[in-house]
Amino acid sequence: MFPLDLLSGSAPVPDAAHASPLLAHLNEEQLAAVTLPAGHALILAGAGSGKTRVLTTRIAWLLQTGQATPGSIMAVTFTNKAAKEMLARLSAMLPYNVRGMWIGTFHGLCNRMLRAHYQAAGLPQAFQILDTQDQLSAIKRLCKQFNVDDERFPPKQLMYFIAGCKEEGKRPGDIEAIDPDTKKKVEIYQLYEEQCRREGVVDFGELMLRSYELLRDDVHLRQHYQRRFQHILVDEFQDTNKLQYQWLKQLAGNEVGGRYASSSSVIAVGDDDQSIYAFRGARVGNMADFIREFEVRQQIKLEQNYRSYSNILDCANALISHNSNRLGKNLRTTQGPGEPVRIYEAPSDLAEASWMVDEIKQLVKNDGFTRQEIAVLYRSNAQSRVIESALFNAAIPYRVYGGLRFFERAEIKHALAYLRLLENPHDDTSFMRVVNFPARGIGARTIELLQDAARSSGCSLSDAVTAVGGSAGTKLQGFVAQIDVLREQTQGRTLREIIETVEEQSGLIEHYRNEKEGADRIENLQELVTAAESFVTQEGFGRDAVALPLDEQQGASLLNQSPVSQGLDSNLPLLDEALKPPVGTVASMVNADTGETLSPLQAFLVHAALEAGDNQAQAGQDAVQLMTVHASKGLEFDAVFIGGVEEGLFPHENAMMDRGGLEEERRLAYVAITRARQRLYLSHSQTRMLHGQTRYNVKSRFFDELPEEALKWITPRQSGFGTFAPNSGAYGAYGAKGSEQFGSNSGWGGKSEVFASPPVPQQKAQPSHGIKAGLKVFHNKFGEGKVLAVEGTGDDARAQVSFGRHGTKWLALSIAKLTVVD
DNA sequence: TAGCTAAGGGTTTTT
DNA sequence: CCCTTAGCTA
């Protein structure tokens, strides 16, 4: 579809590059990508093709060959994890400190830019960042204040609306609202913005949007950064949203007649087949737009896979080939076919889990797999429960990814709220969070009075306490006084001392000491102190910026040599911190206009908001890894189980609603499959407990899209058809031992329906229509389907029927003609 | 104001 | 089925 132009007509690669040990062991595709000549380029990096290696090696190569200086490079990633990995690999390759370089997440870099130019951006110097929780509570507060009907406008929905608008680059004034509902939402969006400005806070979307607007509207700043960043590298480009792409365009250079014909190079690295975040605003279309708008001539495909055996890759390739509008890519390996992909059909989710456990036991005992190299992946979190309990009962250590992260925990948020109030008493979100925690006898009524007072005088809650009379007012003033005392007490103390004092004096520690489940929370509060401590040392606080270690001096001199600086507008008061001697990330906290630095506490609060911390629970030793398919992206394991590969679940029924939903589900399956190095299991279950009721699922259509030659069905033959003895609730678990002797490409559980219809749940009264959950029925339009549930009686009776390809539908039995199939 | 009970709602998720 | 939240009562 697009011309693949491998280095043809390109500038000669500097000689030094060939001699460089950096480039050793790169394959042809990788080498081409690493040594791309200046100019915009797209690298289509397949799963397991060494994408991160290419990115980091490219940066190192640019620096080593003198084509770039550290200050002229910007590398953007999506997650902190990816940014950290890039930094770690780079610092291993380069002889100097890389922390001053502009390598980070979109939000991290926007934050850095806004800190440096807070005045131009119209922000207070020490603006705080709202995470999603904070944002929601801010919206709830606002809705209460302005009597917004939370039935018609649920705060969550308003939050999605506002975040969505910002991701599209839209301010309230940019939205064309015709219907009254949208008009109201825009009005609330406007009020929310005013509230944020009053309180001196920004949400995640605001970081991005404000930074974009700053570049768009300030020609000097824009030109400065455009001249500076000669090399822009973007990771996971398929996950960028509209605003992020626009932001990149501002940095990329001068738009001439709709084209980005600047001297800088934008290298976008991504994989359209692994785009799984459309639901949160990611636009795969940015890849095609990038090719068109930047007139990309250099496209390189990294298709050599270093992860999996070919049976696994054949499955992945075959599956994804069913998608349309792909940029086109086929993974290959030199590793040979390896083992077949095993497919298992279970009678129930319980049996599926218990089969997994047996199989895992075998893998560890007989096949030499380590537990931490075994992953169980699932489409939705709800599936983890059965698997967890099966693993738990078998005493197999496991670790579940996802859930609350460290800085999102309630006790941590409470402590942070106190800390934020020390910095900014007008932070009403933080005020509300802790004004009555631990309990101080300040209840809803008092808060209402306070909010009324604050609104009528247009001030913050903290300033309004004197306006509330009576004992309520006394209590409120007591709280504010307590914060003031804390601020006084912690003046000039180290970060560690500040946090310890706050945790103790606020009464948080005491409160959790009296709570029965409080021990963990106290431990976390102590962990917060530790986290702050390592933040201070790692990030370079407390060090004398003048006494730079040798590596940093080298880095500094390199940075100062930057030829880019000559092109910069010296009349601008701005100075990029990376052009000055770097002091770790602290440098990013230097305010370029005034030279002021954020205090360690301020910087730590920014860090806490921007990086929610580890996403994984107890870092147990050698544990089986459990996670959603989404969470598995970017990871790899020796053995992978993908459970619940069923219609309605994977592909998920809700995903089928929106356009392109099925294709995103398929990409999701593609991501899941390509996680496996050696062994891959796909399983589906005939019955599954969901929302308290048993559902009958047919196996996923994705099975039909896999190549038979690479598969092996391992469902054991049952003694007769008694698997579904009517009214029997429990199904025995199957031992994996010897199960494979039944495996064949066309055998049990394959293309043919093996098991009889599911059992009919026992019912007290038989409805007259004769439709019952579990029955197989026929519909003139949708064909054969399975009844999942029946509701109501008489003319109101309706049934939920899963029609496979046509999805799951609710049908009124008085209207729809359903006939029962044997 | 705090603690309990009923009701509602339940893809996927990073910053 | 199970968790979160809202509303109600002591």
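Values in this document were obtained by computation on a predicted structure and should not be read as measured data.
Anti is the glycosidic conformation of B:dT12, whose angle departs from 0 by more than 90°.
Taking 4.0 angstrom as the limit, A:Arg280 places none of its side-chain polar atoms (N or O) nearer than this to OP1 or OP2 of B:dT11. Dashed line: the shortest gap from a side-chain N or O of A:Thr446 to OP1 or OP2 of B:dT1 is under 4.0 Å. Listed pair A:Asn436 / B:dA2 meets the phosphate criterion, a side-chain N or O lying under 4.0 Å from OP1 or OP2. Distances shown here put a side-chain N or O of A:Asn381 below 4.0 Å from the OP1 or OP2 atom of B:dT12.
A:Gln133 places its CD atom 14 Å from the C1' atom of B:dT14, with the value rounded to the nearest Å. In this structure, the CD atom of A:Glu653 is 13 Å from the P atom of B:dT12, given to the nearest Å. The CZ atom of A:Arg379 sits 15 Å away from the P atom of B:dG10 (whole-angstrom rounding). Atom CG in A:Leu635 sits roughly 13 Å away from atom P in B:dT13 (whole-Å rounding). Going from atom CG of A:Asn111 over to atom C1' of B:dT15 covers 11 Å, rounded to whole Å. One interatomic measurement links the two molecules: CD1 of A:Ile276 to C1' of B:dT13, which rounds to 9 Å at whole-angstrom precision. Distance A:Gln693 CD to B:dG10 C1': 12 Å, rounded to the nearest Å. To the nearest angstrom, P of B:dT13 lies 18 Å from CG of A:Asn241.
Checked against the 6.0 Å centroid threshold, A:Phe650 and A:His684 do not count as a close aromatic pair. For A:Phe78 and A:Tyr277, the gap between ring centers reaches or exceeds 6.0 Å. A:Phe279 and A:His630 have their aromatic ring centers within a separation under 6.0 angstrom.
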Contacts table for residues 376-386 of chain A: side-chain donor-acceptor under 3.5 angstrom, sequence neighbours left out:
from, atom 1, to, atom 2, distance (Å)
A:Tyr378, OH, A:Met627, N, 3.4
A:Arg379, NH1, A:Glu665, OE1, 2.8
A:Arg379, NH1, A:Glu665, OE2, 2.6
A:Gln383, OE1, A:Arg379, N, 3.2
A:Gln383, OE1, A:Ser380, N, 3.0
A:Gln383, NE2, A:Gly643, O, 3.4
A:Ser384, OG, A:Asn381, O, 3.1
A:Ser384, OG, A:Glu388, OE2, 3.2

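Comparing B:dT12, B:dT1, B:dT15 by their closest approach to the side chain of A:Arg405 singles out B:dT15. When distances are taken from the side chain of A:Thr79 to each of B:dA2, B:dT1, B:dT15, the shortest belongs to B:dT15.
Nucleotides C:dT4 and B:dT13, compared at atom P, are 16 Å apart to the nearest Å. Nucleotides B:dT14 and C:dC3, compared at atom C1', are 23 Å apart to the nearest Å. Comparing the C1' positions of B:dT12 and C:dT5 gives a spacing of 23 Å, expressed to the nearest Å.
Looking at A:Thr628, its side chain has no donor and acceptor atom pair within 3.5 Å of the base of B:dT13.
Residue ring and nucleobase are not stacked for A:His630 and B:dT12 under a centre distance beneath 5.5 angstrom and an angle between planes beneath 30°. Taking a centre distance below 5.5 Å and an interplanar angle below 30 degrees as the stacking criterion, A:Phe279 stacks against the six-membered base ring of B:dT12.
Here A:His511 pairs with A:Phe437 under the ring-ring contact (aromatic ring centres under 6.0 Å, His included) rule; sequence neighbours left out.
In the model, A:Asp134 has no side-chain atom that pairs as donor or acceptor with a side-chain atom of A:Thr429 under 3.5 Å.
Remark: side-chain polar atoms of A:Asp203 are paired, donor with acceptor, to backbone N or O of A:Glu206 under 3.5 angstrom. When atom types are taken as modelled, the side chain of A:Glu168 and the backbone of A:Leu243 share no donor-acceptor pair closer than 3.5 angstrom.
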(message) One character per nucleotide, please: for nucleotides 2-10 of chain C, 5' to 3', B when the base has a protein heavy atom closer than 4.0 Å, S when only the sugar-phosphate does, - otherwise.
(response) SS-------

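The residue among A:Glu665 and A:Phe204 whose nearest nucleotide of DNA chain B is located toward the 5' end is A:Glu665. If you find the closest nucleotide of DNA chain B to A:Glu408 and to A:His691, the one lying nearer the 5' end belongs to A:His691.
When all heavy atoms of A:Leu158 and A:Phe153 are compared, the closest pair comes out as CD1-O, 3.7 Å.
Backbone-only contact: A:Tyr277 has heavy atoms under 4.0 Å from sugar-phosphate atoms and none from a base. At the heavy-atom level, A:Ala444 lies under 4.0 Å from the strands shown only through sugar-phosphate atoms. Among the protein residues, A:Asn80 comes within range of the sugar-phosphate backbone only, with heavy atoms under 4.0 Å from sugar or phosphate atoms but none that close to a base.
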